[in-house]
There are 2 protein chains.
Amino acid sequence: MMSRQKTGRPPRLSSDTIAAAAETIIDTDGIEALSMRRLARALGSSPTAVYRHVRGKDELLLLLLDRAARELRKGPLPRDPRKRIFGLFQIVYDGLAMRPWVVGVLVKGDLIAPSFLWFIEEIVAAFVAAGLSPQRAGAAYLVAWRYTVGHLIVRYETGQNGAKLKHTPGVLRQLSSIDTQQFPILAELTGFWPAARKRDTYREDLAALIDGLLARG
Amino acid sequence: MMSRQKTGRPPRLSSDTIAAAAETIIDTDGIEALSMRRLARALGSSPTAVYRHVRGKDELLLLLLDRAARELRKGPLPRDPRKRIFGLFQIVYDGLAMRPWVVGVLVKGDLIAPSFLWFIEEIVAAFVAAGLSPQRAGAAYLVAWRYTVGHLIVRYETGQNGAKLKHTPGVLRQLSSIDTQQFPILAELTGFWPAARKRDTYREDLAALIDGLLARG
DNA sequence: ACCTGAACACCGTTCAAGT
DNA sequence: ACCTGAACACCGTTCAAGT
């Protein structure tokens with residue numbers, strides 16, 4: 001048998017180099033700056049060459065999602081179910097807070113990186129260990145996940161990464177510059193909103209949610 | 001004094017007709033189909049004419065946000081603080097569930113339609129009436145709002161309106177078609193996830209969250 | 001005063017052709 | 001086998017010119 005000869009042009013691009021280039025674009029200028037054409041420019045190739053390695057922008061994003069999921073590493077976790085739940089969500093929250101654009105991809109099309117499955121399994125198991133039925137535990141996981149998504153998205157969009165709006169019509173105002181005359185309760189909270197935006201209350205608010213979920217049994 | 005004469009061409013477009021046309025595009029083909037050029041086509045005008053009435057796409061979206069906010073109408077509400085909180089969030093949830101794209105606009109740039117302020121005031125007041133300090137009440141409102149955002153976004157994106165992904169790389173799978181061999185707890189929940197997606201659990205899950213928040217005091 | 005046309009600087013994607 | 005060029009059907013936005 002003859003040894004297999006390599007034929008044709010040697011590849012210059014690979015899905016790994018493509019994904020890496022995409023990640024530096026995202027890290028530099030945000031997810032909205034990632035385009036197939038700009039990616040190609042960064043790789044020094046034609047836009048169309050990228051399509052040999054990735055079927056489209058969709059697939060590229062999911063590839064990036066999978067790479068992000070692989071970086072979530074499970075450290076040592078508390079044995080106590082309640083504390084374990086917090087620890088698990090904290091891992092995901094911290095991982096996603098670093099790459100908040102992932103949330104947008106993750107949320108589409110009920111897709112799941114298998115790299116995420118151990119997390120769901122562990123969470124649901126911890127809820128069961130805390131006394132919920134499997135069904136209730138699954139439901140509890142979904143609620144907490146939705147809360148996490150909401151927190152990450154609001155945090156991302158109102159943060160410095162958030163898309164700034166250039167034109168705001170006269171009808172709309174910033175929450176900070178509101179006429180609180182007719183709103184007695186909100187008037188007492190001037191200065192509270194900017195402060196609330198600074199502190200990250202994910203963990204303590206998650207505690208309230210989880211305790212509510214465990215209490216309903 | 002001479003009576004003011006109208007001068008120049010009579011306007012054919014107005015921000016009202018523009019907003020209305022934009023809304024029918026969104027209702028027909030979704031928010032991602034809304035472009036200045038398509039809007040102009042629908043109005044029978046040149047793309048550039050729209051810019052006489054609206055400073056850009058940003059401003060158009062915020063205009064639509066304000067129009068949506070105006071449609072949220074406060075009906076009669078329970079006097080009991082806890083029930084009142086549920087009622088208020090239900091109004092917002094129902095209103096936004098009909099126009100889920102609003103969430104994306106709302107979440108950007110901590111903007112607030114004054115038409116939304118009565119809602120925030122009422123919510124915070126109800127939390128205070130339920131025994132929280134104004135600060136705690138403000139924080140509680142923020143958590144519940146984030147939960148609502150998460151619920152609406154996940155619901156929108158995984159619903160039939162959700163952007164379908166054409167290409168999925170081999171590494172990724174649908175949650176429904178998972179090898180549950182190595183995940184004993186998840187294996188027990190086959191069939192649970194699709195069912196969970198069908199039922200809208202917003203209200204009952206909000207109850208768990210609110211009770212958790214009230215319990216922490 | 002209001003609207004148009006042409007132009008600039010972009011998109012994602014396909015397909016025939018080149019090396 | 002891999003990559004390029006040209007092309008198609010789009011974007012948001014600006015600015016000089018027309019009615």
Side-chain angles (χ1 to χ4, degrees), chain A residues 3-19 21-22 25-26 28-64 101 104-105 108-109 163-169, chain B residues 3-19 21-22 25-26 28-64 101 104-105 108-109 163-169:
Chain A
S3 76
R4 271 272 210 194
Q5 288 271 137
K6 284 191 179 173
T7 71
R9 248 199 218 191
R12 213 165 49 74
L13 268 40
S14 73
S15 50
D16 263 5
T17 56
I18 289 172
I25 291 175
I26 292 172
T28 314
D29 294 322
I31 185 74
E32 64 287 341
L34 178 65
S35 73
M36 297 303 267
R37 299 178 103 109
R38 169 146 177 206
L39 181 56
R41 224 182 301 137
L43 290 161
S45 78
S46 73
T48 49
V50 180
Y51 284 81
R52 285 283 128 187
H53 300 89
V54 151
R55 289 205 281 173
K57 201 182 177 183
D58 281 7
E59 193 178 84
L60 173 62
L61 287 172
L62 294 173
L63 216 68
L64 297 177
W101 55 270
V105 183
K108 289 204 201 327
K164 299 280 170 263
L165 300 163
K166 273 182 300 195
H167 313 299
T168 60
Chain B
S3 75
R4 271 265 211 199
Q5 287 271 136
K6 284 192 179 172
T7 70
R9 247 200 218 192
R12 215 164 48 74
L13 267 40
S14 72
S15 49
D16 262 6
T17 56
I18 289 172
I25 290 174
I26 292 172
T28 314
D29 294 323
I31 185 74
E32 63 287 341
L34 178 65
S35 74
M36 297 302 268
R37 299 178 103 109
R38 169 145 177 205
L39 181 56
R41 224 182 302 136
L43 289 161
S45 77
S46 74
T48 48
V50 179
Y51 284 81
R52 285 283 127 185
H53 300 88
V54 152
R55 289 205 281 174
K57 201 182 176 181
D58 281 7
E59 192 178 85
L60 173 62
L61 287 173
L62 294 173
L63 215 69
L64 296 178
W101 56 270
V105 183
K108 289 205 200 328
K164 298 280 169 261
L165 300 164
K166 272 182 300 194
H167 312 300
T168 60

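Keep in mind that the numbers below use all heavy atoms, side chains included, and drop hydrogens, waters and symmetry copies. So you know, we letter chains A, B, ... as the sequences are listed, proteins then strands, and number each from 1. Owing to the predicted nature of the structure, the values given are computational and were not obtained by experimental measurement.
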Between [N] and [M], how far is it from one [atom1] atom to the other, in whole Å?
N	M	atom1	result
C/dC2	D/dA17	C1'	13 Å
D/dC10	C/dA9	P	22 Å
D/dC8	C/dC11	C1'	12 Å

For C/dC2, does OP1 or OP2 lie under 4.0 Å from any side-chain N or O of B/His53?
->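 No, no such contact exists.
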
B/Arg12: side-chain contact (heavy atoms from CB on, under 4.5 Å) partners, not counting sequence neighbours |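 Scan of B/Arg12 (side-chain contact (heavy atoms from CB on, under 4.5 Å), adjacent residues dropped) gives B/Ser45.
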
Just jot down the side-chain contact (heavy atoms from CB on, under 4.5 Å) partners of B/Ser46, sequence neighbours excluded, or say none.
->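 Counting only residues at least two positions away or on another chain, B/Ser46 forms a side-chain contact (heavy atoms from CB on, under 4.5 Å) with B/Thr48, B/Ala49.
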
Check whether any side-chain heavy atom of B/Val50 lies under 4.5 Å from a side-chain heavy atom of B/Leu60, and answer yes or no.
->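 Contact flag for B/Val50/B/Leu60 side chains = no.
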
Who are the side chain to side chain donor-acceptor pair (under 3.5 Å) partners of B/Ser15, not counting sequence neighbours?
->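 Partners of B/Ser15 by the side chain to side chain donor-acceptor pair (under 3.5 Å) criterion come out as none, since no residue qualifies.
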
Backbone of B/Ile18 reached by a side-chain donor or acceptor of B/His53 within 3.5 Å =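 No.
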
List, one per line, each side-chain donor-acceptor pair under 3.5 Å for residues 33-40 of chain A, sequence neighbours excluded.
{"residue": "A/Ser35", "atom": "OG", "partner": "A/Arg38", "partner atom": "N", "Å": "3.0"}
{"residue": "A/Arg38", "atom": "NH1", "partner": "A/Asp29", "partner atom": "OD2", "Å": "3.2"}
{"residue": "A/Arg38", "atom": "NH2", "partner": "A/Asp29", "partner atom": "OD2", "Å": "2.6"}

Which heavy atom in B/Ala42 sits nearest to a heavy atom in B/Ile25, and how many Å separate them?
->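 So the two residues come closest at CB-CD1, 4.2 Å.
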
Could you spell out the base pairing of DNA chain C in dot-bracket, with Watson-Crick or G-U pairs whose two distances are under 3.5 Å, [ ] crossing and | to another strand?
-> ||.|||||...|||||.||

Mind checking B/Ser46 for me? I need base, sugar-phosphate or nothing, with any heavy atom below 4.0 Å counting as a touch.
->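 B/Ser46: base contact, heavy atoms under 4.0 Å.
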
Just by protein heavy atoms under 4.0 Å, how would nucleotides 9-19 of chain C read 5' to 3' in B, S and -?
-> --BBBBB--BB

Those residues that, when tested against A/Arg52, pass salt bridge (charged side-chain N to carboxylate O under 4.0 Å, His left out) (two or more places apart) |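 With sequence neighbours excluded, A/Arg52 shows a salt bridge (charged side-chain N to carboxylate O under 4.0 Å, His left out) to no residue whatsoever.
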
